[in-house]
Protein chains: 2
Amino acid sequence: MEQSGKSARQSPTPDELAVWREYVETAEAIRQALAAGLQATSGVSPGDYAVLLALSESEGHRLRSSALAQGIGWERSRLSHHLGRMESRGLIRRRKSGNDSRGAVVELTDDGARTFRASSAPHLRLVRRFFVDALTPEELEAAEKVATSLRRHLKELAQAAVVAKA
Amino acid sequence: MEQSGKSARQSPTPDELAVWREYVETAEAIRQALAAGLQATSGVSPGDYAVLLALSESEGHRLRSSALAQGIGWERSRLSHHLGRMESRGLIRRRKSGNDSRGAVVELTDDGARTFRASSAPHLRLVRRFFVDALTPEELEAAEKVATSLRRHLKELAQAAVVAKA
DNA sequence: CTCCTCTAATTGATATGTCAATTAGAGGAG
DNA sequence: CTCCTCTAATTGACATATCAATTAGAGGAG
């Protein structure tokens, strides 16, 4: 009867599945609300914001493209395409790197810096309105614990997969 | 000194912001892991899965396109585009509705039904592995509470916005 | 130097998502 | 019937995301 033992159960129970659905749908709804707010208040997308934030916080408002990709956790190709769009809107500029002319350096234009300054406060206000204000201090703490557990578990699974491949 | 009062605070504190980032990044990581798993095990995207699930559960494996959009919470245009892609892969079929020939009826093909059956179990296993197994029963309950609070708060804000417009 | 291989970044193809504009038919007022 | 208006769904344009293939230069072996 190992099928009935807890460790042999393969699919979530209906209750577990309901929590899962609530979890993903909620995260998606908030992501979407915030994206719409950011777009409406300052005309930037969440992707734009991530790039502008990373550049704004960096020394000299510039970063190697690979360092930028690393910093915001994007694949390079995604970043290349996105930088192309941002460059055509005048938010950033790309130059060849001095030491290694394979590498590109991405830098914020004045317009990009101005756009980031204009978008930052409204964005943070929305994070507060949509997320922080919705939760009691206890819930906020619980949310952190849940996210941390999920993250840790995912990392372990990824680690196990890597080991299995080797 | 109303700036220092809690109710006047506009931006999240650094701690609150850190929780927010952990929350969104985690949700995004899970979404992405699950999408990759679904693709690898059965060659369907999360969007395909949502459509196939709704049709599989419906009377006669068919739904009015507007009812389908409503059921999975998509905009119509998004659904139209997605159905076009699924139809070209032979997973679904569209017919004109009898009573109202503006309306289209979407139905599962045999191949679509087979594809859904093949993708369902692996998908549910992954939900269990990535989400349910990561959390203690207490954390699972906490996750539900957090999601519910966030959802309720979002709905209230949307309601307030609608009222403000009127 | 020449060849090999590795790395940085871009490019092209395709899938997905959003918005605005359009098409087709329903249904009522006159 | 004709016109008006509303609804259902699609379409086109464009932004975004992923994957595979490619380009350009770095850096070492010979």
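Protein chains get the first letters and strands the later ones, always in sequence-line order, with residue 1 at the start of each.
Residue R102(A) has its side chain nearest to dA8(C) when only dG25(C), dG12(C), dA8(C) are considered. You'll find that the side chain of S65(A) is closest to dA9(C), out of dA17(D), dA9(C), dA20(C).
One atom, CH2 of W74(A), and another, P of dT18(D), lie 10 Å apart when rounded to the nearest Å. In this structure, L83(A) places its CG atom 13 Å from C1' of dT16(D), rounding to the nearest Å. In this structure, E28(A) places its CD atom 15 Å from P of dT16(C), rounding to the nearest Å. Look at CD on Q32(A): it is 18 Å from P on dT16(C), rounded to the nearest Å. Protein atom CE of M86(B) is 13 Å distant from nucleotide atom P of dA15(C), rounded to whole Å. If you take CD of E87(A) and C1' of dT11(C), they are 15 Å apart, rounded to a whole angstrom. Rounded to an integer number of Å, the gap from E75(B) CD to dC14(D) C1' is 15 Å. For the pair R31(B) CZ and dT16(C) C1', the computed distance is 11 Å after rounding to whole Å.
There is no side-chain donor-acceptor pair under 3.5 Å between D100(A) and S97(A).
Counting only Watson-Crick or G-U wobble pairs whose defining distances are both under 3.5 Å, the stems of 3 or more consecutive pairs in DNA chain D are C:1-30 with D:1-30.
In this structure, R94(A) reaches the sugar-phosphate backbone alone: every heavy-atom distance under 4.0 Å involves primed, P, OP1 or OP2 atoms, never a base. Among the heavy atoms of the strands lying under 4.0 Å from R64(B) are primed sugar atoms or P, OP1, OP2 only; no base atom is included. Across all strands, Q39(B) comes closer than 4.0 Å to no nucleic acid atom at all (heavy-atom distances). Residue S101(B) is classed as a sugar-phosphate contact, given heavy-atom separations below 4.0 Å to backbone atoms only. Across all strands shown, S45(B) has heavy atoms under 4.0 Å from sugar-phosphate atoms exclusively, and none from any base.
Mapping D100(A) and D48(A) onto DNA chain D by nearest heavy atom places D48(A) at the nucleotide closer to the 5' end. In this structure, L79(A) and N99(A) both approach DNA chain D, and ranking their closest nucleotides by distance from the 5' end singles out L79(A). Nearer to the 5' terminus of DNA chain C, by closest-nucleotide assignment, is the contact made by S66(A) (compared with the other of R85(B) and S66(A)).
Stacking between H81(A) and dT11(C) is present: the aromatic ring centre lies within less than 5.5 angstrom of the base six-membered ring centre, and the two planes differ by under 30 degrees.
Taking 3.5 Å as the limit, the base of dT18(D) and the side chain of R78(A) contain no donor-acceptor pair of atoms between them.
Counting only distance, with no hydrogens or angles, the side chain of T26(A) and the backbone of E22(A) share a donor-acceptor pair below 3.5 Å. Not one N or O on the side chain of S80(A) forms a donor-acceptor pair closer than 3.5 Å with the backbone of S77(A).
Summarising the geometry of L108(B) relative to R93(B), their closest heavy-atom pair is O-NH2, 4.0 Å, with the distance given to 0.1 Å.
A salt bridge links E28(B) with R31(B): at least one charged nitrogen is closer than 4.0 Å to a carboxylate oxygen.
Distance check, rounded to the nearest 0.5 Å: CZ of R94(B) to CE of M86(B) gives 10.5 Å.
Ring to ring, H153(A) and F130(B) are not that close: their centroids are 6.0 angstrom or more apart.
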Can you check salt bridge (charged side-chain N to carboxylate O under 4.0 Å, His left out) on R89(A) and D48(A), steps first, answer last?
CA-CA 11 Å; R89(A) 288 190 289 148; D48(A) 297 335; 2.7 Å; yes
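For R76(B), a side-chain nitrogen or oxygen approaches OP1 or OP2 of dA9(D) to under 4.0 Å.
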